[in-house]
Engineer: 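My questions all concern the structure below.
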Amino acid sequence: MPELPEVEVVRRGLAQWVTGREIASAEVLHPRAIRRHVPGADEFTARLKGREVLSAERRGKYLWLRLSGAEEALMAHLGMSGQLLVVDQDSPLEKHLRVRVRFEDGGPDLRFVDQRTFGHVMVTPLVGGVPEPISHIAPDPFEAVFDEAEFARRLRARHTEIKRALLDQSLISGVGNIYADEALWMARLHWARPTHTLTRPKIDELLGAVRTVMASALRAGGTSFDSLYVNVNGESGYFERSLEVYGRRDLPCSRCGTPIRREPFMNRSSYSCPRCQRRPR
DNA sequence: CGCGGATCCTGCCTGC
DNA sequence: TGCAGGCAGGATCCGC
């Protein structure tokens, strides 16, 4: 479940191992991996051949490699189980290898491996430095262009629950189920709290919690609990041990000792402390 | 038009 | 042991 910190770990790995290298060839091993690349697999591989990787960039959970020549990028979304691995070209092909990129220098491949196939990759134009398909995505809270007043205004204009809003990438990007639960616990907010009832100071507190939790996860190299999320070298992060509520049903809240509850939410789970995070009436 | 629910997909885990 | 069902969930699509 890669969210912003996990994707940032991957981006850093790609910046280190892939930038400055020229793509020799690309191979699509599963068509679903490029389903958002409308012109299809042959066009995808043709667009990549001979291009140099100029930089690795990210907004929210999306990352992309800027390419030489036309203003285009190889963009990736990891979905639930996607991995971008930098592995020796001679290493055995992974069971769930979807796209393989080889380089002119004969160095390690870039491989997109994705068990559950929710992730995807595509070649896309850059518009103002951002991939065209994600122009509707809001900046993430670590970007300089993230506007707190604008976020607060748009949040309060919504008629929905706070957790739904946090997961809405057009309002704030990079937050997924794990860090939404963690930030809400830190800010002592119940997930069902109506957005229009939040005060500006409370919104700022929540935003601070989102940043604190994500920055902490990034320092730990990301979160992993089923080994599906790994950095480009296949290594897992250590943030799981720092989680306060996510996945901790019936375990004591570290603030008050009350057992953490799990509730169904949007066809998945929401974890919270029944005492610290009172359900709105 | 805004909101909320269904859907996609595979492997692991649990319970019968 | 084997099998069925639950669970994980980001983004997109669709209906109200």
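Worth saying up front: this structure is predicted, and the values here are computed from it rather than measured. Proteins get letters first, then strands, A, B, ... in listed order; numbering begins at 1 in each.
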Engineer: For A/Tyr179 and C/dG10, is the shortest distance between a side-chain N/O and OP1 or OP2 below 4.0 Å?
Structural biologist: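 Answer is no, no contact under 4.0 Å.
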Engineer: Taking only the side-chain nitrogens and oxygens of A/Gln169, find out if one of them lies under 4.0 Å from OP1 or OP2 of C/dA11.
Structural biologist: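 Yes, such a contact exists.
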Engineer: When you measure from the side-chain N and O atoms of A/Arg164 to the phosphate of B/dG5, is any distance below 4.0 Å, counting only OP1 and OP2?
Structural biologist: yes
Engineer: Would you kindly give the CZ-to-P distance between A/Arg116 and C/dC7, to the nearest whole Å?
Structural biologist: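 It is 14 Å, rounded to the nearest whole Å.
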Engineer: Cluster partners of A/Val145, using ILVMFWY side-chain heavy atoms under 4.5 angstrom, listed by chain and number?
Structural biologist: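 Members besides A/Val145: none; it forms no cluster.
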Engineer: Whole-Å distance between B/dG5 P and A/Lys163 NZ?
Structural biologist: 14 Å
Engineer: Are any of the side-chain nitrogens in A/Asp168 or A/Arg164 under 4.0 Å away from the carboxylate oxygens of its partner?
Structural biologist: no
Engineer: Look at A/Asp140 together with A/Arg59 and state whether they make a salt bridge at an N to O cut-off of under 4.0 Å.
Structural biologist: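 Judged by the 4.0 Å cut-off on N to carboxylate O distance, A/Asp140 and A/Arg59 do not form a salt bridge.
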Engineer: Look at all strands and tell whether A/Tyr62 reaches a base, only sugar-phosphate, or nothing, counting heavy atoms closer than 4.0 Å.
Structural biologist: sugar-phosphate
Engineer: Take the protein atom CZ of A/Arg249 and the nucleotide atom P of C/dA8, then report the distance between them rounded to whole Å.
Structural biologist: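 In whole Å, C/dA8 P lies 8 Å from A/Arg249 CZ.
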Engineer: Just how far, in rounded Å, is P of C/dG10 from CE of A/Met80?
Structural biologist: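 The distance from CE of A/Met80 to P of C/dG10 comes to 7 Å, rounded to the nearest Å.
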Engineer: If only side-chain N and O atoms count, and only distance matters, is there a donor-acceptor pair under 3.5 Å linking A/Ser272 with A/Arg261?
Structural biologist: yes
Engineer: A/Arg36 side chain: which of C/dA8, C/dC13, B/dC3 is closest?
Structural biologist: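 My answer, after comparing the listed nucleotides, is C/dC13.
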Engineer: So what is the end-to-end bend of the helix from B/dG2-C/dC16 to B/dC16-C/dG2, with 5 pairs used at each end and the value given to 10 degrees?
Structural biologist: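 Angle reported: 50°, given to the nearest ten degrees.
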Engineer: Of the listed nucleotides (C/dA8, C/dG10, C/dT12), which one gets closest to any side-chain atom of A/His136?
Structural biologist: C/dT12
Engineer: What is the distance from CZ of A/Arg32 to C1' of B/dT7, rounded to the nearest Å?
Structural biologist: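 So the two atoms are 10 Å apart, to the nearest Å.
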Engineer: To the nearest angstrom, how far is A/Phe118 atom CZ from C/dA8 atom C1'?
Structural biologist: 9 Å
Engineer: May I ask you to verify if any side-chain N or O of A/Lys95 is less than 4.0 angstrom from the OP1 or OP2 atom of B/dT10?
Structural biologist: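 No.
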Engineer: Taking A/Arg279 first and then A/Glu263, would you say they form a salt bridge - that is, a charged N and a carboxylate O separated by under 4.0 Å?
Structural biologist: yes
Engineer: In the hydrophobic clustering (ILVMFWY, side-chain contacts below 4.5 Å, transitive), which residues join A/Leu126, or is it alone?
Structural biologist: A/Tyr62, A/Trp64, A/Met75, A/Met122, A/Val130, A/Ile134, A/Ile137
Engineer: A/Ser270 and A/Lys163: side-chain donor and acceptor closer than 3.5 Å?
Structural biologist: yes
Engineer: Determine: side-chain N/O of A/His77 to OP1/OP2 of C/dA11, distance under 4.0 Å, yes or no.
Structural biologist: yes
Engineer: Could you point out which residue of A/Val86, A/Leu29, A/Leu93, A/Val99 forms a side-chain contact (heavy atoms from CB on, under 4.5 Å) with A/Arg111?
Structural biologist: A/Leu93
Engineer: For a quick test of reading the model: is some side-chain N or O of A/Arg268 closer than 4.0 Å to OP1 or OP2 of C/dG10?
Structural biologist: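 Yes, such a contact exists.
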Engineer: Less than 4.0 angstrom between a side-chain N/O of A/Thr160 and OP1 or OP2 of B/dG2, yes or no?
Structural biologist: no
Engineer: Between A/Glu161 and A/Asn267, who's closer to the 5' end of DNA chain B by nearest nucleotide?
Structural biologist: A/Glu161
Engineer: Starting at the 5' end of DNA chain C and moving along, which residue's nearest nucleotide shows up first, A/Ile137 or A/Arg262?
Structural biologist: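 Between the two, 5'-proximity favours A/Arg262.
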Engineer: May I ask you to verify if any side-chain N or O of A/His96 is less than 4.0 angstrom from the OP1 or OP2 atom of B/dC9?
Structural biologist: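 So the side-chain polar atoms of A/His96 never come under 4.0 Å of the phosphate oxygens OP1 or OP2 of B/dC9.
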Engineer: Looking at A/Ser269, I'd like to know whether one of its side-chain N or O atoms comes within less than 4.0 Å of OP1 or OP2 on C/dA8.
Structural biologist: yes
Engineer: Between atom NE2 in A/His120 and atom C1' in B/dC8, what is the gap in whole Å?
Structural biologist: 13 Å
Engineer: Without decimals, in angstroms, what is the distance between A/Leu171 CG and C/dG10 P?
Structural biologist: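 Going from CG in A/Leu171 over to P in C/dG10 covers 16 Å.
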